Amino acid sequence: MEKSSKIYVAGHRGLVGSAIVRRLLKENYTNLILKGREEVDLTRQEEVERFFEEHRPEYVFLAAARVGGIYANNTYPAEFIYQNLMIECNVIHSAYKFGVKKLLFLGSSCIYPRDCPQPMKEEYLLSGYLEQTNEAYAVAKIAGLKLCQFYKRQYGANFISCMPTNLYGINDNFDLNTSHVIPALIRKFHEAKINNYPYVEVWGTGKPLREFLYVDDLADACVFLMENYDDELWINVGSGEEISIAELAELIKKVVGYKGEIVFNSKMPDGTPRKLLDTTRLKNLGWQRKVGLEEGLRMTYKWFIDNYK
Ligand SMILES: NC(=O)C1=CN([C@@H]2O[C@H](COP(=O)(O)OP(=O)(O)OC[C@H]3O[C@@H](n4cnc5c(N)ncnc54)[C@H](OP(=O)(O)O)[C@@H]3O)[C@@H](O)[C@H]2O)C=CC1
Ligand SMILES: C[C@H]1O[C@H](OP(=O)(O)OP(=O)(O)OC[C@H]2O[C@@H](n3cnc4c(=O)[nH]c(N)nc43)[C@H](O)[C@@H]2O)[C@@H](O)[C@@H](O)C1=O
C-alpha cells in the first residue's frame, strides 16, 4: 500500500474497524474511504456496487459484520447468518468486479470444530461439528474465507483472510445483552462498584477457556498481513495465551477495584470449552502481539470510564 492509496475500511466505526483506522492514520495513510451503513448498507448488492463504482477503492479491510457475544449469537442465528453472508458476498464480489488490488477479510476463531485438537491449526477447518451457540455466524465466516480462496483461485483476485481470536479494547460494544465477555464484565463490575451491589453475575460455570487479543494488536496484524501475506490459506491471529472465564472475572474484578462477590449463573451457556489458536504461521512471518491481558484490560477500563455514556 502507498501512503496515497485509496483504502476502504468497511465497518470503520466498530471495535476492529476503528482500530484499523487508528493504525492507518498513525502511519500517514490518509486517503481512507469511511462510509457508515446510513450511506451504504452492505447487505444491499446494488448499493454496494454503486459505492465501489463511485469510489474505486484499491485496498479493502472487510471489518463490517453482524457481531455479538454468545447470547446474541444464540438468540438471533437467522440474522447472523443472513447479514454476514450478504455483507461478504456483496463486498467480495464488488471488490473483484471493480478491480480492488487487495482485500483482507476478517473471519473468526469460532470457525473451527467445537472439539478440535488444541491449539487449532488452520488445516483443522471443517474436520468436525461446530459449536452450536455460534454455528450460524461460523458458517457465514467459513463461507467468507472460502469466497476469498476461490476468487483468488479462479480469478487471481488477491483476497486474503485472517481468523482472529476473541478481541477486546477501546470502543467495544458494552451492551450487556449483545456484547462479548470482557466488555460485559468490565461494565458489570464497574456498575457494581459505584452502586455497591453485593455481587456480580458471571454467565456459565466459569470453566471454559478463552484466548484474548487487544484490538490494537489485531489492527497491527491486519496492516502487517495486507503488506506481507498473499496466500490462499486463511491465517490465525491470536495471543497464544488462554485463561478460564473464572480467572478472567477475578482479573477484571481486580482491575476495576470491586470488593464484592462473584456468582456464576450456570443457566447461561458456556459455549465452546476451549478455542486456542495455533499462530505458528503468523509467528513465522515475524508478527508478535505487544499488549498483555492485564495491560489491555486497564486501558479498556480507563476508556470505558472516560467515554461510556
Ligand atoms: N469482536 C470480536 O471478538 C471478534 C470480531 N471478529 C470480526 O471482526 C470484524 C469486526 O468485528 P467488531 O469490530 O467486533 O464488530 P462491531 O460490531 O464493533 O463493528 C461492526 C461494524 O460493521 C458495521 N456493519 C454491520 N452491518 C452493516 C451493514 N449492513 N452495512 C454497513 N455496515 C455494517 C457496523 O456499522 P454500525 O457502526 O453502523 O453499526 C460496525 O461499524 C467482524 O468481521 C467480526 O466477525 C473476529 C473475531 C473476534
Ligand atoms: C468472539 C468469538 O467468540 C464468541 O463466542 P464466545 O467466546 O463464547 O463469546 P462470549 O465472549 O460472549 O463468551 C465467552 C464466555 O464468557 C462467558 N461469560 C460470562 N459472563 C458473561 C457475560 O456477562 N457476557 C458474555 N457475553 N459472556 C459471558 C460466556 O458464558 C462464555 O462461556 C462468538 O459469539 C463470536 O462473536 C466470535 O467470533
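Given the structure is predicted, the values throughout are model-derived calculations rather than measurements. In this chain, numbering begins with 1 at the start of the sequence shown. Counting starts at 1 for both ligands and their atoms, following the listed order.
Contacts with ligand 2 closer than 4.0 Å are made by no heavy atom of Ala249, backbone or side chain. The residue Glu201 has no part lying near ligand 2, judged by heavy-atom distances below 4.0 Å.
Not a single donor-acceptor pair under 3.5 Å links the side chain of Asn73 to the backbone N or O of Asn134. Not one N or O on the side chain of Lys6 forms a donor-acceptor pair closer than 3.5 Å with the backbone of Tyr59. For Glu58 (side chain) and Val100 (main-chain N/O), no donor-acceptor pair under 3.5 Å exists by modelled atom type.
Remark: minimum distance from atom 32 (O) of ligand 2 to any protein heavy atom is reached at Asp270 O, 2.6 Å. Among all non-hydrogen protein atoms, the one lying nearest atom 28 (C) of ligand 2 is Val181 CG2, 3.6 Å. The closest protein non-hydrogen atom to atom 23 (O) of ligand 2 is Lys188 NZ, 2.8 Å. Closest to atom 26 (N) of ligand 2 among all protein heavy atoms lies Ser179 O, 2.9 Å. Counting protein heavy atoms only, atom 38 (O) of ligand 2 is closest to Ser108 OG, 2.6 Å. Ranking the protein heavy atoms by distance from atom 9 (O) of ligand 2 puts Ile70 N, 3.7 Å first. At the shortest separation from atom 20 (N) of ligand 2 among protein heavy atoms lies Trp203 N, 2.9 Å. Closest to atom 1 (C) of ligand 2, if we only count protein heavy atoms, is His180 NE2, 3.4 Å.
The closest approach between any non-hydrogen atom of Tyr137 and ligand 2 is below 4.0 Å. In this structure, Gly68 counts as a contact residue of ligand 2, since one of its heavy atoms falls inside 4.0 Å of the ligand. At least one heavy atom of Asn134 sits under 4.0 Å from some atom of ligand 2. Distances shorter than 4.0 angstrom occur between a heavy atom of Lys275 and an atom of ligand 2. At least one heavy atom of Arg210 sits less than 4.0 Å from an atom of ligand 2.
The ring-ring contact (aromatic ring centres under 6.0 Å, His included) check on Phe189 picks up Tyr258, with sequence neighbours excluded.
Remark: Arg66 is positioned above the aromatic ring of Tyr76, its terminal NZ or CZ atom under 6.0 angstrom from the ring centre and at most 45 degrees off the axis.
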When you look at His190 and Tyr301, which way does the ring-ring contact (aromatic ring centres under 6.0 Å, His included) test go after all the steps?
CA-CA 9 Å; His190 176 74; Tyr301 181 43; 5.5 Å; yes

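Phe212 and Tyr168 have perpendicular rings, their planes meeting at more than 60° on a 0 to 90° scale where under 30° would count as parallel.
Atom CD of Glu2 has 12 or fewer neighbouring heavy atoms from other residues, nucleotides or ligands inside a 6.0 Å radius. For Lys3, the NZ atom counts as densely surrounded, since its 6.0 Å shell holds more than 12 non-hydrogen atoms of other residues, nucleotides or ligands.
Heavy-atom proximity to Pro208, at under 4.0 Å, picks out these atoms of ligand 2: 32 (O). Within ligand 2, the atoms closer than 4.0 Å to a non-hydrogen atom of Pro269 are 29 (C), 30 (O), numbered from 1 in the order shown. Remark: ligand 2 atoms within the under-4.0 Å shell around heavy atoms of Ala184 are 22 (C), 23 (O), 24 (N). Close contacts of ligand 2 with Gly69, meaning ligand atoms under 4.0 Å from a residue heavy atom, involve 12 (O), 34 (O).
We find that Arg22 and Asp216 are joined by a salt bridge, their nearest charged nitrogen and carboxylate oxygen being less than 4.0 Å apart.
In the hydrophobic clustering, where aliphatic and aromatic side chains (Ile, Leu, Val, Met, Phe, Trp, Tyr) are joined below 4.5 Å either directly or transitively, Ile70 groups with Tyr71, Trp203, Met268. Within the hydrophobic cluster formed by Ile, Leu, Val, Met, Phe, Trp and Tyr side chains joined at under 4.5 Å, directly or through other members, Val263 is accompanied by Tyr199.
Two rings, from Phe304 and Tyr308, have their centers less than 6.0 Å apart. Residues Tyr155 and Tyr96 place their aromatic rings such that the two centres sit under 6.0 Å apart.
Between the side chains of Lys152 and Gln149, no donor-acceptor pair of N or O atoms lies under 3.5 Å. Side-chain polar atoms of Asn171 and Ser18 form a donor-acceptor pair below 3.5 angstrom.
Sorted by chain then number, the residues whose non-hydrogen atoms approach ligand 1 to under 4.0 Å are Gly11, Arg13, Gly14, Leu15, Val16, Arg37, Val40, Asp41, Leu42, Thr43, Ala63, Ala64, Ala65, Val67, Ile87, Leu106, Gly107, Ser108, Tyr137, Lys141, Pro164, Thr165, Asn166, Leu167, His180.
Annotation: Ser109 places no N or O atom under 3.5 Å from an N or O atom of ligand 2; distance criterion only.
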